[in-house]
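Okay, so here's the structure we're looking at.
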Amino acid sequence: MRRPIIAGNWKMNKTVDEAVSIAVGLKRKFYTFSEADVVICPPFTALSKVHEQIVDSSIMLGAQDMYWEESGAFTGEISPGMLKDVGCRYVIAGHSERRNIFGETDEDVNKKLKIILKHGMIPIMCIGEQLEERDNGMTFEILEKQLTRDLKGFAKEQAARVIIAYEPIWAIGTGRTATPQQAQESHRYIRDFVERLYDRETSVKIRIQYGGSVKPDNIAQLMAQEDVDGALVGGASLDVNSFTEIVENAVK
Ligand code: 13P
């Protein structure tokens with residue numbers, strides 16, 4: 001069976017001290033924890049210090065983004081090697097905020113996924129539709145387009161290592177979660193499409209997280225869906241108690 005994976009995307013929040021204090025709190029709860037992969041993605045400035053706190057625990061470190069070049073004249077950017085150096089094992093790529101606010105394209109996401117895998121890290125690739133697209137019945141078309149372009153040129157062994165995060169944009173930070181049925185419908189579609197792109201073995205292996213207003217009181221129902229393998233949590237991952245409850249309720 002697919003191992004559950006709960007990740008916290010802290011976005012542009014928390015100073016180093018605040019981040020360390022959350023890490024310390026989570027470490028108390030998940031020093032050893034075998035029922036799911038637990039990942040936290042603090043801002044770049046806090047990665048190193050948070051890593052020092054969690055390095056001997058079962059919590060893993062992730063970054064929220066990076067650039068696809070190894071080094072050079074790319075002012076303001078962070079390379080995959082730099083992330084590896086500070087202990088990152090996961091990197092989020094193609095979050096809707098990157099796509100919509102910073103103009104990131106599917107081609108950019110494809111380059112990022114490639115280099116993340118090349119460095120032995122695991123990409124969390126975000127896809128999802130806007131409200132207008134859902135209302136116009138275009139959800140599946142959007143998901144197909146993103147999957148096809150983002151995974152372009154990937155062998156099935158590479159694709160199987162990618163974590164897909166289905167994040168319907170209308171559910172992010174809005175308090176409006178997709179119903180478990182809506183999540184399941186999209187997750188099933190994504191898994192079936194991965195089977196069409198690759199094969200059944202790959203589609204059965206690939207892990208698909210749901211993201212968008214995940215909270216302690218809705219995670220269990222989401223996780224009860226056959227094709228929901230975890231969650232990418234924004235706001236509710238900024239608090240030790242709520243993220244802890246989410247992880248605990250996810251594996252109950
Ligand atoms: P919220 O959980 O705050 O809706 O954010 C979801 C998200 O964008 C995670 O990447």
Side-chain angles (χ1 to χ4, degrees), residues 4-14 18-19 22 26 36-44 46-47 50 59-66 83 88-102 104 108-109 112-113 116 121-131 133-134 139 142-143 146 150 162-180 182-183 186-187 190 207-223 225 228-250:
I5 171 164
I6 311 295
N9 172 11
W10 296 8
K11 308 193 179 182
M12 197 174 72
N13 294 291
K14 305 298 174 188
E18 289 165 348
I22 298 178
L26 291 175
D37 289 337
V38 179
V39 182
I40 51 176
C41 306
F44 290 134
L47 287 173
V50 166
I59 305 169
M60 293 177 282
L61 191 67
Q64 299 173 20
D65 187 32
M66 44 122 253
L83 295 180
C88 287
R89 296 176 58 184
Y90 291 80
V91 187
I92 298 172
H95 192 279
S96 61
E97 286 147 19
R98 300 293 325 163
R99 294 178 190 259
N100 297 334
I101 305 172
F102 302 101
E104 201 163 297
D108 296 339
V109 177
K112 289 183 181 190
L113 297 178
I116 294 166
M121 296 183 287
I122 300 175
I124 298 179
M125 169 186 109
C126 303
I127 57 173
E129 79 286 359
Q130 318 251 13
L131 183 58
E133 293 163 340
R134 171 161 285 262
T139 298
I142 296 294
L143 296 177
Q146 291 177 326
D150 295 356
V162 173
I163 311 258
I164 299 175
Y166 170 61
E167 297 208 316
I169 294 164
W170 47 271
I172 296 179
T174 57
R176 190 179 153 187
T177 330
T179 63
Q182 282 171 322
S186 291
H187 281 227
I190 292 167
R207 291 189 288 176
I208 310 175
Q209 294 178 307
Y210 168 80
S213 298
V214 172
K215 303 280 183 267
D217 62 4
N218 60 26
I219 182 72
Q221 277 182 303
L222 288 160
M223 291 299 290
Q225 307 304 310
V228 177
D229 306 315
L232 182 56
V233 186
S237 71
L238 295 170
D239 175 81
V240 173
N241 292 332
S242 66
F243 191 61
T244 299
E245 262 190 81
I246 287 174
V247 175
E248 287 173 349
N249 293 347

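For ligands, and for the atoms within them, numbers begin at 1 and follow the listed sequence.
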I'd like to check which ligand 1 atoms, numbered from 1 as shown, lie under 4.0 Å from a non-hydrogen atom of [X].
{"X": "N9", "result": "9 (C), 10 (O)"}
{"X": "G212", "result": "4 (O), 6 (C)"}
{"X": "G235", "result": "1 (P), 2 (O), 3 (O)"}
{"X": "S213", "result": "1 (P), 2 (O), 4 (O)"}
{"X": "K11", "result": "5 (O), 6 (C), 7 (C), 8 (O)"}

message = Salt bridge or not between D37 and R207? Use side-chain N to carboxylate O under 4.0 Å.
response =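 R207 and D37: salt-bridged.
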With the side chain counted from C-beta on, respond yes when [X] and [Y] share a heavy-atom pair under 4.5 Å apart, and no when they do not.
{"X": "R134", "Y": "S186", "value": "yes"}
{"X": "Q209", "Y": "V39", "value": "no"}
{"X": "E97", "Y": "F102", "value": "no"}
{"X": "P43", "Y": "Q64", "value": "yes"}
{"X": "I40", "Y": "I22", "value": "no"}

key: atom 2 (O) of ligand 1: the protein heavy-atom neighbour that sits closest, reported with distance to 0.1 Å   =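 Of every protein heavy atom, G234 N, 2.9 Å lies nearest to atom 2 (O) of ligand 1.
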Give yes if a backbone or side-chain nitrogen or oxygen of [X] is under 3.5 Å from a nitrogen or oxygen of ligand 1, and no if not.
{"X": "E167", "answer": "yes"}
{"X": "I172", "answer": "no"}
{"X": "K215", "answer": "no"}

query = Looking only at heavy atoms, is any part of L232 under 4.0 Å from ligand 1, and if so is it the side chain, the backbone, or both, or is it neither?
reply = both
ask   = Just heavy atoms, cut-off under 4.0 Å: does A165 contact ligand 1 by side chain, backbone, both, or neither?
value = neither
Spacing of CD1 belonging to I116 relative to CE belonging to M66, to within rounding of 0.5 Å = 4.0 Å
With a 4.0 Å cut-off on heavy atoms, is [X] in contact with ligand 1?
{"X": "A171", "value": "yes"}
{"X": "A236", "value": "no"}
{"X": "G211", "value": "no"}

query = Can you tell me if CZ on R89 sees more than 12 non-hydrogen neighbours from other groups inside 6.0 Å?
reply =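 12 or below, so no.
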ask   = Looking only at atom types and distance, does a side-chain atom of D150 sit under 3.5 Å from a main-chain N or O of L113, one as donor and one as acceptor?
value =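 Checking the backbone N and O of L113 against the side chain of D150, no donor-acceptor pair under 3.5 Å is found.
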